Amino acid sequence: RYSPPEARRNLRVLREAEEGLGKRMKRAVQEKKESKRWICPLLLLIYAVPFLSSDYVIFNMNMIGIAVVGAIGIDLLAGCAGQLSMGHAAFLAIGAYSYGVLTQTYHVGVIPGLVLSGLISAFIGLLVGIPSLRLKGLYLALATMGFVFIVEALIKHMQWMTRGVR
């Protein structure tokens, strides 16, 4: 059993710990608010770049955006799932070529072309993914690397559809 002085001392320690936690929580919330202040100016700058810069800068920004999409996909797969896959380049190529064929050959609009090329790439990913479900580690990496070589060969040799490599 606690004696009254011990109980008071323990209660005082708990209150001090609670106050310290409250101060740390307030500081963390304040730091989080301060860390978000740069997002709005950055977004405004990104949206202003197409109006204020040359075609060369816009082209490079597009290439950076495409590389970021691929890097985020690899980060999710390798970082969160712990799997090693080499097939991201192939799926990016399938999406890009299907978008190009849809918009240039079949005159599909920009937004429907984006949606359809994403669906085409996802469908082909499903066709590749189902047989690869049980593969892990090096075997998954080898299977997806083989898929990259197959897609590259198809893009080069199916000139009736992709118009070849330029």
Side-chain angles (χ1 to χ4, degrees), residues 25 28-166:
M25 291 289 283
V29 168
Q30 184 66 27
E31 287 174 2
K32 191 167 186 168
K33 286 180 183 177
E34 290 174 2
S35 69
K36 289 184 179 181
R37 289 185 182 164
W38 60 271
I39 292 176
C40 283
L42 180 67
L43 288 177
L44 287 174
L45 179 69
I46 289 172
Y47 284 124
V49 165
F51 300 108
L52 303 175
S53 60
S54 66
D55 289 342
Y56 177 74
V57 173
I58 294 171
F59 173 78
N60 282 331
M61 297 263 310
N62 284 334
M63 294 297 112
I64 289 169
I66 291 169
V68 164
V69 168
I72 289 172
I74 290 173
D75 181 49
L76 285 174
L77 186 67
C80 295
Q83 295 292 324
L84 181 62
S85 172
M86 306 287 181
H88 284 79
F91 293 116
L92 278 170
I94 289 168
Y97 268 95
S98 63
Y99 178 77
V101 168
L102 287 171
T103 55
Q104 297 297 315
T105 305
Y106 298 110
H107 305 291
V108 177
V110 174
I111 302 297
L114 283 173
V115 171
L116 287 173
S117 63
L119 289 174
I120 290 169
S121 186
F123 178 72
I124 293 175
L126 183 71
L127 291 178
V128 171
I130 289 175
S132 302
L133 278 175
R134 294 185 182 261
L135 298 177
K136 291 181 183 169
L138 184 61
Y139 297 109
L140 178 65
L142 288 173
T144 54
M145 192 176 358
F147 178 66
V148 170
F149 292 138
I150 291 169
V151 167
E152 182 182 357
L154 289 175
I155 287 172
K156 286 181 182 177
H157 297 293
M158 290 178 63
Q159 293 184 2
W160 56 271
M161 185 175 72
T162 63
R163 296 183 185 170
V165 179
R166 295 180 191 185

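In this text, all values refer to a predicted model and were calculated from it rather than measured experimentally.
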Atom pair [atom1] ([X]) and [atom2] ([Y]), whose distance is rounded to the nearest 0.5 Å:
X	Y	atom1	atom2	value
Leu45	Leu52	CG	CG	8.5 Å
Leu102	Leu114	CG	CG	10.0 Å
Gln159	His157	CD	NE2	8.5 Å
Tyr106	Leu116	OH	CG	12.0 Å
Asp55	Asn62	CG	CG	10.5 Å
Ile72	Leu76	CD1	CG	7.5 Å

Sequence-distant partners of Thr105, side-chain hydrogen bond (donor to acceptor under 3.5 Å, both in side chains), two or more places apart =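 So Thr105 forms a side-chain hydrogen bond (donor to acceptor under 3.5 Å, both in side chains) with Arg163.
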inquiry  = Test your reading of the model: is there a side-chain donor-acceptor pair from Ser121 to the backbone of Phe91, 3.5 Å cut-off?
reply    = yes
Could you check if a side-chain atom of [X] sits within less than 4.5 angstrom of a side-chain atom of [Y], using non-hydrogen atoms only?
X	Y	result
His107	Thr103	no
Thr144	Ser132	no
Leu142	Met86	no

query = Looking at Leu154, Ile124, Ile155, which hits side-chain contact (heavy atoms from CB on, under 4.5 Å) with Ile94?
reply =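 Of the listed options, the one satisfying the test is Ile124.
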What's the shortest heavy-atom distance between [X] and [Y], and which atoms?
X	Y	result
Ser98	Ile120	CB-CD1, 4.0 Å
Ile58	Ser53	CG1-OG, 3.8 Å
Ala143	Leu135	CB-CD1, 3.7 Å

ring-ring contact (aromatic ring centres under 6.0 Å, His included) partners of Tyr99, counting only residues at least two apart =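 Tyr99 satisfies ring-ring contact (aromatic ring centres under 6.0 Å, His included) with no residue once adjacent residues are dropped.
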Of all pairs that satisfy salt bridge (charged side-chain N to carboxylate O under 4.0 Å, His left out), the ones with a partner from residues 143-154, not counting sequence neighbours = Glu152-Lys156
